[in-house]
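A short worksheet on the structure shown next.
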Amino acid sequence: MITVDIYVPYLNLSYDFSLDETASISSLINEIAAMVCLKEHWTAPETTDELALFLPSEKRMLNPSNSLNREGIKSGQRLILC
């Protein structure tokens, strides 16, 4: 597990997440979206296919079929859910 800061521009809020660094990023996006919606009392989206994780320090989108490990993400980094 690694801990990352996830910023959600739509809400202008950041959240700390402990994520499985070996899981696919697409499955993590589903998990993140569900948790944010639960916390903010919103209905979870039926699909998260249009969401992505962006690494601002390197100005790049993460490949949804890769894991955080494979993308080189380390604990403490900031990601943007967009």
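For the pair Leu53 and Ile80, the minimum side-chain heavy-atom distance is 4.5 Å or more. Residues Glu50 and Thr48 are not in side-chain contact: their nearest non-hydrogen atoms beyond the backbone lie 4.5 Å or more apart. Taking the side chain as every heavy atom from C-beta outward, Leu13 and Tyr7 never approach each other to under 4.5 Å. Side chains of Pro45 and Cys37 form a contact here, defined as non-hydrogen atoms less than 4.5 Å apart. Residues Asn63 and Ile25 are not in side-chain contact: their nearest non-hydrogen atoms beyond the backbone lie 4.5 Å or more apart. Within the 4.5 Å cutoff, side-chain heavy atoms of Leu55 are placed close to those of Ile73.
No continuous path of ILVMFWY side-chain contacts below 4.5 Å connects Leu51 to Met61, so the two sit in separate hydrophobic clusters. In this structure, Ile29 is a member of the same hydrophobic cluster as Trp42, with clusters built from ILVMFWY side-chain heavy atoms closer than 4.5 Å. By the rule that hydrophobic residues join a cluster once side-chain heavy atoms approach within less than 4.5 Å of another member, Val4 and Met35 end up as members of one cluster.
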side-chain contact (heavy atoms from CB on, under 4.5 Å) for Val36 and Phe17? Distances and angles first, verdict last.
CA-CA 10 Å; Val36 168; Phe17 277 91; 4.1 Å; yes

Please report the C-alpha distance between Glu21 and Ser75 in whole Å, then the side-chain angles of each, then the deciding distance to 0.1 Å, and finally whether the side-chain contact (heavy atoms from CB on, under 4.5 Å) criterion is met.
CA-CA 9 Å; Glu21 67 272 17; Ser75 274; over 6 Å; no

Derivation of the side-chain contact (heavy atoms from CB on, under 4.5 Å) call for Ile32 and Leu19
CA-CA 9 Å; Ile32 292 163; Leu19 302 172; 4.0 Å; yes

Determine, stepwise, if the pair Lys59 / Phe54 fulfils side-chain contact (heavy atoms from CB on, under 4.5 Å).
CA-CA 7 Å; Lys59 298 179 180 156; Phe54 180 77; 4.3 Å; yes

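Partners of Asp49 by side-chain contact (heavy atoms from CB on, under 4.5 Å), not counting sequence neighbours, listed by chain and number: Thr47. Residues forming a side-chain contact (heavy atoms from CB on, under 4.5 Å) with Thr22 (at least two apart in sequence, or on another chain): Asp20, Asn69.
Here the closest heavy-atom approach between residue Ala23 and residue Ser27 is recorded as CB-OG, 3.8 Å. Taking each heavy atom of Leu79 and Pro56 in turn, the nearest pair found is CA-CD, 4.2 Å.
Around CZ of Arg70, the count of heavy atoms belonging to other residues, nucleotides or ligands within 6.0 Å does not exceed 12.
A donor-acceptor distance shorter than 3.5 angstrom exists from the side chain of Gln77 to the backbone of Lys74, with no hydrogens or angles considered. Between the side chain of Ser18 and the backbone N or O of Met1 there is no donor-acceptor pair closer than 3.5 Å.
For the atom pair OH of Tyr10 and CD of Glu40, the computed distance is 12.0 Å after rounding to the nearest 0.5 Å.
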